[in-house]
Amino acid sequence: MVEGEEKAYHRESNTSWGWRLILLLYISLVAAAATLTLLRNFNHYFHSSQVTQVLGRPGPVVQNYAKALQLATQFFDAQKSGKLVKNRVAWRGDSGLQDGSEEGLDLSKGMYDAGDLLKFGFPMAFTATVLSWAILEYGDQMKEVKQLGHAHDSLKWITDYLINAHPSPNVLYIQVGDPELDHNCWQRPETMTERRPLVQINTSFPGTEVAAETAAAMASASLVFRKIDSSYSKSLLKHAKQLFNFADTYRGSYSVSIPQVQEFYNSSGYGDELLWAATWLYHATGDLDYLKYVTEQNGPAFANWGSPSWFSWDDKHAATQVLMSRISFFGAKELPMAENLDLQMYRKTAEVFLCGLIPDSPTAAPDRTDSNVPNNSSSVSSKHIFLITYL
């Protein structure tokens with residue numbers, strides 16, 4: 001099932017730091033888009049027939065932030081694998097064209113993890129989910145500075161890869177490349193010649209967090225492409241539903257099934273990804289079964305109500321609490337009592353988390369840096385700080 005399983009994986013710090021770079025540059029995209037608006041486009045997506053919106057026009061364009069957004073979206077072009085078409089980074093060429101061919105798959109697209117040439121499905125899917133959310137929130141602002149098309153293109157570059165990485169309902173390919181071989185040779189992707197083994201999860205070797213995060217990516221992206229390409233949107237939603245069912249039916253951490261991944265993107269648990277995926281599926285479908293899943297069925301076990309946490313590729317609790325708070329503000333009156341009470345728990349936890357970040361709040365986190373940034377955990381890095389500014 002897992003090729004090269006006997007090999008030891010090294011250089012954790014190189015890869016994890018590299019992905020932080022991608023996240024930081026991505027957050028530049030979000031922060032720049034946020035600054036370009038005076039009124040936030042606060043859209044709530046249930047399904048196509050019931051969309052509740054609070055509309056706002058983009059404010060005056062600040063050129064420095066517009067340039068920062070352009071550079072952030074251009075960074076995705078630098079990370080692309082595959083046959084490049086009209087790529088904005090002139091020194092990048094075609095690469096990874098044979099990825100997946102040994103299993104009869106086309107995994108040539110997607111994005112390289114960092115400065116190396118690996119494709120890790122877990123953080124890549126997370127990037128797609130948050131990029132989708134950014135487009136749904138700030139699409140008008142991106143369009144105003146002519147970056148929305150580039151954001152759509154980068155998102156589709158990832159989701160095309162994820163679709164091909166999911167050849168059957170209970171199989172998902174989650175990695176391309178051998179970290180040991182890759183890290184032993186610093187090279188351009190256009191000139192790499194080493195073998196590119198694949199890693200998959202399936203019913204015998206489950207990976208709930210990766211399957212669920214990929215479901216979240218597909219579901220959120222289906223909202224982005226709903227009015228642009230309805231057939232592609234429906235395909236994404238079909239894959240999202242299958243992947244969520246796979247993740248939930250065959251529960252197990254990919255860090256246990258495939259111990260080698262612990263050296264790179266080790267998972268702390270899969271409960272948050274299940275809630276995160278179900279929340280996006282509810283927003284994409286309006287199906288109350290997904291809402292019940294996140295509230296009365298699994299909220300008490302997985303939601304960590306009353307215990308705020310950070311937002312990262314490994315922990316989606318805070319983001320899920322914010323996303324579920326949308327439902328609490330819009331349309332909650334029509335929901336059954338059990339779901340409504342649980343939604344209030346999500347909202348209250350989100351409020352506690354966000355109030356702890358505000359310096360002048362009565363419940364502000366006491367331990368802060370000289371710049372007034374919360375500093376209440378030795379494990380918190382800049383990626384956490386930037387991601388919580390998005391929430």
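Here the structure is a predicted model, which is why all the values come from computation and not from measurement.
Looking at every heavy atom in both residues, Leu172 comes nearest to Ala211 through CD2-CA, 4.0 Å.
A salt bridge links Lys80 with Asp153: at least one charged nitrogen is closer than 4.0 Å to a carboxylate oxygen. We find that Asp178 and Arg196 are not joined by a salt bridge, their nearest charged nitrogen and carboxylate oxygen being 4.0 Å or further apart. Taking a cutoff of 4.0 Å between a charged side-chain nitrogen and a carboxylate oxygen, Glu213 and Lys316 qualify as a salt bridge.
Donor-acceptor pairing under 3.5 Å is lacking for the side chains of Tyr161 and Ser81. Between the side chains of Thr73 and Gln147, at least one donor N or O sits under 3.5 Å from an acceptor N or O.
With hydrogens and angles ignored, the 3.5 Å screen pairs no side-chain donor or acceptor of Thr208 with any backbone N or O of Ser253. Remark: side-chain polar atoms of Gln79 are paired, donor with acceptor, to backbone N or O of Ala114 under 3.5 angstrom. Under the 3.5 Å distance criterion, the side-chain polar atoms of Asp94 are matched with a main-chain donor or acceptor of Leu84. A distance-only check finds a donor-acceptor pair linking the side chain of Thr127 to the backbone of Pro123 [under 3.5 Å].
The aromatic rings of Trp280 and His283 are tilted relative to each other, their planes meeting at an angle between 30° and 60°.
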Evaluate Phe244 against Tyr293 for ring pair (Phe, Tyr, Trp, His ring centres under 6.0 Å), listing each step before the verdict. CA-CA 11 Å; Phe244 179 75; Tyr293 184 97; 5.0 Å; yes
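Taking the six-membered ring for Trp and the full ring otherwise, Phe122 and Tyr265 have centroids separated by 6.0 Å or more.
Heavy-atom neighbours of Glu194 CD from other residues, nucleotides or ligands within 6.0 Å: above the threshold of 12.
Using a 4.5 Å heavy-atom cutoff, the side chains of Leu105 and Asn164 are not in contact.
Residues Leu97 and Val89 do not share a hydrophobic cluster, defined by chaining ILVMFWY side chains whose heavy atoms lie under 4.5 Å apart.
Judged as a salt bridge (charged side-chain N to carboxylate O under 4.0 Å, His left out), and not counting sequence neighbours, the contacts of Glu190 are Arg92, Arg188.
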